[in-house]
Amino acid sequence: MLSVGIVGLPNSGKSTLFNALVRSGATVAPYPFTTVEPNVGVVSIPDERLSKVAGLAGCERKVPADVRFIDIAGLVEGANKGEGLGNRFLAKIREVDAILHVVRAFESKTVAHVAGTVDPVRDAQLIETELRLSDLEVFDKALTKARREAKSGNKEAMERVEALEKLENILAEEEGFGLEEARKSHSEFAKDLGLLCLKPAILVLNVGEERNSKHEEEIQKWAHLRGIPFVIVNAEIEEEIGELPEEEELEYRSLLEMGQGSLGQILKMSYETLGLITFFSIDSGECKAWSIPAGSPAGVAAGRIHTDFERGFVKAEVVHYNDFLECGSFATAKEKGILLVEGRDYTVQDGDVIHFKFAL
Ligand SMILES: Nc1nc2c(ncn2[C@@H]2O[C@H](COP(=O)(O)OP(=O)(O)OP(=O)(O)O)[C@@H](O)[C@H]2O)c(=O)[nH]1
Ligand SMILES: [Mg+2]
C-alpha cells in the first residue's frame, strides 16, 4: 500500500489533521500490524463510483480503496543537521511515497509557534529548505560516486553525472522554481535516491476561525509556483465535528459556513498525487475498489487481488466504467458486445470493472 507522510513544523496541526483524516474514512481501521507505530492510519478513499457499481451488481458489501497516512513528528530549522531529531524524521519522510505538507495559518495564544509569529510562506520555505539541504547531502554522495565511476570512461556513469549535475543546480536554487519540472522529468531517478524535494506533494493550509486573506493568497501563490496542489482546511474543527453524529455534523457545518469537502478533497488529491487509479472487482456479493499505479497492466492488477491471479493469469474480462453503468452486468455487456477479453498486457483504465480468469 502506498503511503502519504504528513510533514510540517511542530504545532502546525499535523496530528490534528491526521486524526480528522483517519476518522473521516468510512471503514477506518487502525493499522493492523502491531509493529507499525501507532501514528499510522489507513483511510478509505471516497469514490461514488463504488456505490454505483455495487448497486448495479447487487452487492451487499462494498470495500473502498485505501491509502496509508503517517503522522511524522515536526521538523525544525536545522533538521538536516540533526536538530530536533531531524535526521530520524527526515529518514521517515524518505520512506513515504508522497508528502502532505501542513502549514499553520491559525493564530492562537495557547498554542506556541516555534518561530513566534504566524507566517505561512516563511514556514513553508523553512521546511522546503530543510528537505533541500538534506537532499543535497544525499546528492553529494551519489555524485562523488558517479564521478569516480565515470573516470574510467563508463558511458552509463558519465550520463549519470550529467543528469545529477543538472538536478543539483535545480536543488541548489533557493527559490525552488525548477522543482515542478524536475519532479516530472526525474521521477524514477529521484525515487532511487529517495529525494525528498522531488516527491509528489500537496500543501495543506491549516486555518483558524479568523481568516487572513493576505496569508492565504501568498501561500497559494508559493504553492502554485512550485506546481504543488493547494488546499485549505480547519483541522481542529474538522477533527471536532467529525466525532459528532452525522446530522449534528451537518448542522454545525452549515452554522459555521464550512464546506463539506476539505477532508475528502485532501484524500482525493492524495490519491491522485500518488498517481493511483481504481479498478473494481465483483465477487460473492462483494464489490471492491482496488488501487494501482496509473498505466499498470492487467497482470499487475490481478496480482493486487491475489498472487495466484497474477501467476495463473488466463484472461481479464473488462467492462469500462461508463459501459458498466449502461449494462449493469457482465452478462449484458457480453450480449451487447462491449465486454472486452484482454491479456495480461492490457493497460487498465481508471474505473474498469474486471473479472479475472486464472488457472494454476
Ligand atoms: N486554534 C486552533 N488550534 C489548532 C488548530 N489546529 C491544531 N490546533 C491546535 O494546535 C496544537 C498542536 O496541534 P498538533 O496537531 O498536535 O500539531 P503537530 O503539528 O502535530 O505538532 P507536533 O507533533 O509537535 O509536531 C493542538 O493543541 C491543536 O489543538 C486550528 O486550526 N486552530
Ligand atoms: Mg504531532
Side-chain angles (χ1 to χ4, degrees), residues 3-24 30-31 36-41 43 68-80 82-93 95-96 99-131 134 196 201-213 215-216 219-220 230-244 249 252-253 255-263 265-266 270:
S3 59
V4 180
I6 305 182
V7 174
L9 287 182
N11 276 353
S12 53
K14 298 181 298 299
S15 299
T16 310
L17 179 66
F18 172 81
N19 290 335
L21 282 172
V22 166
R23 212 177 4 237
S24 73
Y31 202 66
V36 182
E37 292 173 12
N39 51 352
V40 174
V43 184
R68 181 179 1 204
F69 282 85
I70 305 176
D71 175 24
I72 301 170
L75 288 175
V76 292
E77 191 164 2
N80 76 90
E83 203 63 49
L85 294 179
N87 290 329
R88 216 171 97 194
F89 301 151
L90 286 163
K92 278 239 177 296
I93 305 174
E95 291 167 13
V96 301
I99 289 174
L100 201 61
H101 180 174
V102 180
V103 178
R104 172 168 170 176
F106 67 88
E107 299 277 353
S108 167
K109 288 199 174 66
T110 50
V111 181
H113 191 298
V114 279
T117 52
V118 171
D119 184 345
V121 168
R122 177 203 58 205
D123 292 357
Q125 191 75 51
L126 193 154
I127 294 290
E128 187 187 86
T129 301
E130 290 305 323
L131 301 186
S134 174
L196 305 171
I202 298 168
L203 195 136
V204 178
L205 189 69
N206 185 16
V207 298
E209 274 160 67
E210 271 170 41
R211 306 274 294 264
N212 179 329
S213 55
H215 279 164
E216 288 178 20
I219 186 74
Q220 182 157 17
F230 173 81
V231 55
I232 291 177
V233 71
N234 185 328
E236 192 178 50
I237 297 216
E238 289 291 350
E239 191 198 10
E240 280 169 11
I241 63 178
E243 283 179 333
L244 299 170
E249 178 182 339
Y252 267 97
R253 278 191 193 279
L255 202 70
L256 298 168
E257 291 177 2
M258 278 168 76
Q260 271 278 357
S262 55
L263 293 180
Q265 211 182 334
I266 292 175
S270 302

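Each ligand, and each atom within it, is numbered from 1 in the order the structure gives.
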*Asks:* Which heavy atom of Asp119 sits nearest to which heavy atom of His215, and what is that distance?
*Replies:* CA-NE2, 4.4 Å
*Asks:* Ignoring angles and geometry beyond distance, decide whether Val111 reaches within less than 3.5 Å of ligand 1 through its nitrogen or oxygen atoms.
*Replies:*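 By distance alone, the answer is no.
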*Asks:* Does Glu107, backbone or side chain, put an N or O under 3.5 Å from an N or O of ligand 1?
*Replies:* no
*Asks:* Of the non-hydrogen atoms in Pro120 and Leu205, which two are nearest, and what is the gap between them?
*Replies:* CB-CD1, 3.9 Å
*Asks:* In total, how many protein N/O/S atoms does one find closer than 2.8 Å to the Mg ion (ligand 2)?
*Replies:*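 The number of such protein atoms is 1.
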*Asks:* Of the protein's non-hydrogen atoms, which lies at the shortest distance from atom 6 (N) of ligand 1, and what is that distance?
*Replies:*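 Nearest protein contact, heavy atoms only, for atom 6 (N) of ligand 1 is Asn206 ND2, 3.1 Å.
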*Asks:* Provide the closest heavy-atom pair for Lys14 versus Asp71 in the form atom of the first, atom of the second, distance.
*Replies:* CB-OD1, 3.7 Å
*Asks:* Going by the order shown, which atoms of ligand 1 are within less than 4.0 Å of some heavy atom of Lys14?
*Replies:*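 Those of ligand 1 that fall under 4.0 Å from Lys14 are 15 (O), 17 (O), 18 (P), 19 (O), 20 (O), 21 (O), 22 (P), 25 (O).
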*Asks:* Would you indicate whether the side-chain heavy atoms of Asn234 and Glu209 approach each other to under 4.5 Å?
*Replies:* yes
*Asks:* For Ser262, which of Val204, Val233, Val207 qualifies under side chain to side chain contact (heavy atoms under 4.5 Å, CB included)?
*Replies:*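 It is Val233; the other options fail the test.
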*Asks:* Is there at least one pair of N or O atoms, one from Ser12 and one from ligand 1, spaced under 3.5 Å apart?
*Replies:*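 For ligand 1, there is an N or O atom that lies under 3.5 Å from one belonging to Ser12.
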*Asks:* Taking the side chain as C-beta and beyond, is there a heavy-atom pair between Val96 and Val4 under 4.5 Å?
*Replies:* no
*Asks:* Mark up the atoms of ligand 1 that fall under 4.0 Å of a heavy atom belonging to Asn234, in ascending order.
*Replies:* 31 (O)
*Asks:* Do Val40 and Arg68 make a side-chain contact, defined as non-hydrogen atoms from C-beta onward lying under 4.5 Å apart?
*Replies:*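 Counting from C-beta outward, Val40 and Arg68 do come under 4.5 Å.
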*Asks:* Which residue holds the protein heavy atom closest to atom 29 (O) of ligand 1, what is that atom called, and what is the gap in Å?
*Replies:*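 Going atom by atom, the protein heavy atom closest to atom 29 (O) of ligand 1 ends up being Glu236 OE2, 3.4 Å.
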*Asks:* Could you identify the single nearest non-hydrogen protein atom to atom 17 (O) of ligand 1 and state the distance to 0.1 Å?
*Replies:* Gly13 N, 3.2 Å
*Asks:* Report yes or no: does Asn206 contribute a side-chain atom to a donor-acceptor pair with the main-chain N or O of Ala235 at less than 3.5 Å?
*Replies:* yes
*Asks:* Under the side-chain contact (heavy atoms from CB on, under 4.5 Å) rule, what do Leu75 and Leu90 come out as? Steps first, then yes or no, please.
*Replies:* CA-CA 8 Å; Leu75 288 175; Leu90 286 163; 4.1 Å; yes
*Asks:* Are more than 12 heavy atoms from other residues, nucleotides or ligands located less than 6.0 Å from atom CD of Glu77?
*Replies:*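 Atom CD in Glu77 is not crowded, with 12 or fewer foreign heavy atoms closer than 6.0 Å.
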*Asks:* Considering only heavy atoms, which of Leu9, Ile237, Thr16, Val207 lies nearest to atom 13 (O) of ligand 1?
*Replies:* Thr16
*Asks:* Look at atom 8 (N) of ligand 1 and say which protein heavy atom is nearest, naming residue and atom and giving the distance to 0.1 Å.
*Replies:*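 Here the nearest protein heavy atom works out to Phe106 CZ, 3.5 Å.
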*Asks:* So is Gly74 polar-close to ligand 1, meaning N/O to N/O under 3.5 Å?
*Replies:* yes
*Asks:* Quick one: pull up CZ in Arg104 and CG in Asp123 and give me the separation to the nearest 0.5 Å.
*Replies:*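 Result: 8.5 Å between the selected atoms.
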*Asks:* For the pair Ser270 (side chain) and Ile266 (backbone), establish whether a donor and an acceptor sit closer than 3.5 Å, ignoring hydrogens and angles.
*Replies:*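 Between the backbone of Ile266 and the side chain of Ser270 there is a qualifying donor-acceptor contact (under 3.5 Å).
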*Asks:* Ignoring hydrogens and angles, tell me if any N or O in the side chain of Arg122 forms a donor-acceptor pair with the backbone of Thr117 under 3.5 Å.
*Replies:* yes
*Asks:* Could you tell me the residue and atom name of the protein heavy atom closest to atom 21 (O) of ligand 1, and the distance to it rounded to 0.1 Å?
*Replies:*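 Answer, as residue, atom name and distance: Asn11 N, 2.9 Å.
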*Asks:* At what distance is the nearest protein heavy atom to atom 16 (O) of ligand 1, and which residue and atom is it?
*Replies:*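 Atom 16 (O) of ligand 1 sits closest to the protein heavy atom Ser15 CB, 4.0 Å.
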*Asks:* Below 3.5 angstrom, do we get any N/O pair linking Ala235 and ligand 1?
*Replies:* no
